Structures are given as C-alpha cells and as structure tokens.
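Next up is a structure, given as structure tokens.
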Amino acid sequence: MKRKGQKYDPDRAPETSWWSNLTENEQITAAEDHHRRAGIKLPRPLIHAATHVIVENQVLLGDETPVAATFERLRHEGLSRHDAIHAVGSVLAPVMVEIMQGELPGDPNVAYYERLAELTAEGWISELS
C-alpha cells in the first residue's frame with residue numbers, strides 16, 4: 001500500500017497511519033528501497049531492512065515497551081534517527097540469535113529490555129570503531 005509520495009526514510013519518523021497500514025512485507029520492501037536509493041550496499045539487505053521494521057514498529061508502541069524511551073534517549077545523546085535505529089537493532093539482533101539457538105531461557109524480553117537499559121550512544125559508537 002504505497003501512497004503517492006510516501007517513501008521510508010529512517011532519518012524521519014514515518015507517518016504513523018501510512019506505516020501502520022502497510023503489511024510487514026511492504027514495510028520491509030520500503031526499508032530495502034530506501035537503502036537501495038541511498039546507494040548503501042549491505043551484505044544482508046533483507047535482514048537489515050527487517051531489523052529497521054522491527055525497531056520502527058517497537059518505537060510506535062510507545063510506552064508499551066522500553067524501546068521508544070531508549071530510542072529517544074539515544075537521540076538526546078546525539079545519535080541521528082537512523083543511527084538510533086541501528087543502535088537498538090544492535091541489541092535486538094543478538095537477542096534474536098540467542099532465542100533461535102535456545103540460549104535464552106525464560107522471557108527473552110527481560111534480557112532485551114535489560115540490554116536496552118545499558119545501551120548508550122557512546123558505547124554503541126565505541127563498538128563501531
């Protein structure tokens with residue numbers, strides 16, 4: 001469901017009604033399209049786009065989870081919106097791998113939320129170096 005002129009841009013919050021009316025596959029395609037338009041070469045574009053979608057959708061949940069507050073905190077710590085998505089995704093991805101490998105007993109959200117609480121812009125940037 002593409003509306004004329006609507007494109008995903010991780011540096012701007014997607015219009016909630018537009019984004020929420022897309023299917024998950026359409027959201028992933030929109031994120032892939034953005035990276036393609038931007039000329040960003042990725043080793044696993046589908047996984048990268050899916051991570052964007054998961055984080056965007058968690059941010060839209062607002063106070064239902066700590067993701068939106070963490071995202072906003074990272075923005076206040078100086079990260080761009082796109083970098084904040086990547087920072088949250090850098091916590092999400094290992095949790096997902098641990099879930100798939102059966103290495104995360106109990107409620108995986110507990111580990112995810114604890115790791116989000118420890119995430120800082122400075123720490124994420126230092127991991128990139």
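Source: prediction; values computed, not measured.
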Got a sec: does the CG of D107 have more than 12 other heavy atoms crowding it under 6.0 Å? yes
For the rings on H52 and H34, is their centre-to-centre separation under 6.0 Å? no
Charged N to carboxylate O below 4.0 Å: is that the case for R81 and E56?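 Looking at R81 and E56, the cut-off is met.
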Closest non-hydrogen atom pair, G89 against T51: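 That would be CA-CG2, 3.7 Å.
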Test of understanding: clusters of I, L, V, M, F, W, Y form through side-chain heavy atoms closer than 4.5 Å, transitively. Do I54 and I99 belong to the same one? yes
Under a 3.5 Å cutoff, is there a donor and acceptor pairing between the side chains of W19 and N57? yes
Y8 and Q27: side chain donor to acceptor below 3.5 Å: no
Which residues satisfy the salt bridge (charged side-chain N to carboxylate O under 4.0 Å, His left out) test with E98, sequence neighbours excluded?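 Once residues adjacent in sequence are excluded, the partners of E98 under the salt bridge (charged side-chain N to carboxylate O under 4.0 Å, His left out) criterion are R115.
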Verify the distance criterion only: is there a donor paired with an acceptor across the side chains of E15 and S17 at less than 3.5 Å? yes
Closest heavy-atom pair, A87 versus W124, reported as atoms and distance to 0.1 Å, is CA-NE1, 3.4 Å
Quick one: are the ring centres of H86 and H48 less than 6.0 Å apart? yes
Check salt bridge (charged side-chain N to carboxylate O under 4.0 Å, His left out) between E103 and all other residues, then give those that pass, not counting sequence neighbours. none
Other cluster members, V97 - Ile/Leu/Val/Met/Phe/Trp/Tyr, side-chain contacts below 4.5 Å: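 The other cluster members (ILVMFWY side chains, heavy atoms under 4.5 Å, direct or chained) are M100.
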Same hydrophobic cluster for L74 and L128, using side-chain heavy-atom links shorter than 4.5 Å among ILVMFWY?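 Same cluster.
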Salt bridge present between R73 and E77 (N-O < 4.0 angstrom):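 Answer for the salt bridge query: yes.
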Connected via hydrophobic side-chain network under 4.5 Å: L42 and M96: no
Show the nearest heavy-atom pair for residues A68 and V59, with the distance to one decimal.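 Scanning both residues completely, I find the closest heavy atoms to be CB-O, 3.6 Å.
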Determine, using the 4.5 Å side-chain heavy-atom cutoff (strictly less than), whether I40 and I85 are members of one ILVMFWY cluster. no
